[in-house]
Asks: 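Pasting in a structure now, in structure tokens, and then I'll have a few things to ask.
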Amino acid sequence: MVKVILVKIEFIIMVIENTQECFVQLWLRLERTRRLLGGQYKRFCIRRVLKTWFGYEANDNFIWEVCNLCEQEGWNELPLPSLYPRKHREFLRATVAVKLGISFYKKVNLKALDKAYSIAFPKSTPINVSKKVTFKV
């Protein structure tokens with residue numbers, strides 16, 4: 001007797017928006033992608049992340065635009081998102097800007113992106129926290 005197992009494959013379409021909810025999903029997806037690529041013994045770099053997320057839509061021009069905006073090279077290994085968020089913040093910001101065709105400098109909602117990081121990684125230090133030390137005299 002042969003057992004037949006049906007597997008339903010659903011393609012998850014990434015809808016990119018300039019909102020905090022979308023940014024939370026992007027931060028979480030970035031961490032999942034890091035684990036996925038690590039399990040496949042592949043380099044966790046911008047090029048691989050974009051190819052994983054967007055498939056054939058992530059052609060060389062798309063990858064070049066993202067890398068150029070975030071001022072990083074496509075093949076360089078990225079650090080952990082939960083420990084070193086600055087590079088990832090610029091990467092996600094550039095991805096949203098290129099995907100939506102909006103300005104990298106003025107239109108991407110940085111406050112929402114930073115709050116989304118705090119939601120996605122609650123045990124990490126938030127981005128852009130005022131670190132002023134006040135001394136009592």
Side-chain angles (χ1 to χ4, degrees):
M1 178 186 244
V2 177
K3 292 184 179 180
V4 177
I5 300 173
L6 297 175
V7 178
K8 184 178 179 183
I9 299 175
E10 294 183 20
F11 292 100
I12 300 173
I13 299 172
M14 285 191 60
V15 178
I16 303 291
E17 296 173 353
N18 196 10
T19 61
Q20 183 175 339
E21 294 81 20
C22 179
F23 293 145
V24 170
Q25 294 304 315
L26 286 175
W27 279 112
L28 294 173
R29 181 171 276 215
L30 189 65
E31 178 61 25
R32 283 194 307 265
T33 304
R34 183 191 67 80
R35 290 185 193 150
L36 172 74
L37 292 175
Q40 296 174 349
Y41 298 103
K42 292 183 180 177
R43 181 187 301 255
F44 178 58
C45 60
I46 291 176
R47 178 174 283 278
R48 290 243 193 243
V49 171
L50 291 176
K51 291 276 189 186
T52 303
W53 286 2
F54 299 111
Y56 294 110
E57 191 177 343
N59 57 17
D60 288 337
N61 291 333
F62 181 80
I63 294 168
W64 182 85
E65 286 183 50
V66 171
C67 291
N68 188 38
L69 283 176
C70 67
E71 299 176 356
Q72 298 180 46
E73 295 180 11
W75 287 111
N76 285 355
E77 186 94 23
L78 291 170
L80 293 171
S82 58
L83 295 178
Y84 303 100
R86 297 278 180 198
K87 288 185 176 184
H88 302 286
R89 174 186 182 223
E90 296 304 312
F91 164 60
L92 293 178
R93 182 179 173 194
T95 303
V96 169
V98 171
K99 189 71 174 157
L100 297 179
I102 60 176
S103 172
F104 174 76
Y105 300 102
K106 295 182 181 178
K107 299 288 183 176
V108 178
N109 191 348
L110 287 178
K111 289 183 181 179
L113 185 60
D114 293 344
K115 287 180 185 176
Y117 174 80
S118 298
I119 294 170
F121 302 106
K123 294 182 180 179
S124 297
T125 304
I127 303 175
N128 285 339
V129 173
S130 176
K131 295 183 180 180
K132 293 181 182 177
V133 178
T134 56
F135 296 103
K136 294 182 181 179
V137 181

Asks: If you count heavy atoms of other groups shown closer than 6.0 angstrom to CD of Glu73, is the number above 12?
Replies: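 Not buried by this count: 12 neighbours or fewer within 6.0 Å.
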
Asks: When you check the gap from the basic side-chain N to the acidic O, do Arg35 and Glu31 get nearer than 4.0 Å?
Replies: yes

Asks: Looking at Arg43 and Leu37, what are the two nearest heavy atoms and their distance?
Replies: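 Reported closest heavy-atom pair: O-CD1, 3.8 Å.
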
Asks: Can you confirm whether more than 12 heavy atoms, excluding those of Lys115, are under 6.0 Å from its NZ atom?
Replies: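 Counting other residues, nucleotides and ligands, NZ of Lys115 stays at 12 neighbours or fewer.
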
Asks: So Asn18 and Phe23, side-chain contact (heavy atoms from CB on, under 4.5 Å) or not? Walk me through it.
Replies: CA-CA 8 Å; Asn18 196 10; Phe23 293 145; 3.2 Å; yes

Asks: Please report the closest heavy-atom contact between His88 and Pro79, naming both atoms and the distance.
Replies: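 Between these two residues, the closest heavy atoms are NE2-O, 2.7 Å.
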
Asks: So how far is it from Trp75 CH2 to Ile46 CD1, rounded to the nearest 0.5 Å?
Replies: 11.5 Å

Asks: Name the atoms and distances for all side-chain donor-acceptor pairs under 3.5 Å in residues 99-112, with sequence neighbours left out.
Replies:
from	atom 1	to	atom 2	distance (Å)
Lys99	NZ	Glu57	OE1	3.2
Lys99	NZ	Glu57	OE2	2.0
Ser103	OG	Tyr105	N	3.3
Ser103	OG	Lys106	N	3.3
Asn109	OD1	Lys111	N	3.4
Asn109	OD1	Ala112	N	3.3

Asks: Answer yes or no: is there a side-chain heavy-atom contact under 4.5 Å between Val24 and Tyr117?
Replies: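 Heavy-atom side-chain distance check fails, nothing below 4.5 Å.
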
Asks: What distance do Phe44 atom CZ and Thr52 atom OG1 have between them, rounded to the nearest 0.5 Å?
Replies: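 Output value for this atom pair is 9.5 Å.
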
Asks: Is any side-chain heavy atom of Leu36 closer than 4.5 Å to one of Gln40?
Replies: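 Sidechains of Leu36 and Gln40: in contact.
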
Asks: Can you measure from CD (Glu90) to CZ (Arg93) and round to the nearest 0.5 angstrom?
Replies: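 Interatomic distance, Glu90 CD to Arg93 CZ, rounded to 0.5 Å: 5.0 Å.
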
Asks: Atom CZ of Phe121 and atom CG of Leu28: how far apart are they, to the nearest 0.5 Å?
Replies: 6.5 Å

Asks: Does any non-hydrogen side-chain atom of Leu50 lie less than 4.5 Å from one of Phe91?
Replies: yes

Asks: Quick one: list whatever passes side-chain hydrogen bond (donor to acceptor under 3.5 Å, both in side chains) with Gln25, sequence neighbours left out.
Replies: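 For Gln25, no residue satisfies side-chain hydrogen bond (donor to acceptor under 3.5 Å, both in side chains) once neighbours in sequence are set aside.
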
Asks: Looking at Leu113 and Trp27, what are the two nearest heavy atoms and their distance?
Replies: O-NE1, 3.3 Å

Asks: Kindly compute the distance separating CD1 (Ile119) from CG (Asp114), expressed to the nearest 0.5 Å.
Replies: 11.0 Å

Asks: Do Trp53 and Leu26 pass the side-chain contact (heavy atoms from CB on, under 4.5 Å) test, and can you show the C-alpha distance, the side-chain angles, and the key distance before you say yes or no?
Replies: CA-CA 10 Å; Trp53 286 2; Leu26 286 175; 4.0 Å; yes

Asks: For residues 58-72, please give each side-chain donor-acceptor pair under 3.5 Å, one per line with the distance, not counting sequence neighbours.
Replies:
from	atom 1	to	atom 2	distance (Å)
Asn59	OD1	Asn61	N	3.4
Asn59	OD1	Phe62	N	2.9
Asp60	OD1	Arg47	NH1	3.3
Gln72	NE2	Lys87	O	2.9

Asks: Could you measure the distance from the CG atom of Leu78 to the CZ atom of Arg48? Nearest 0.5 Å is fine.
Replies: 12.5 Å

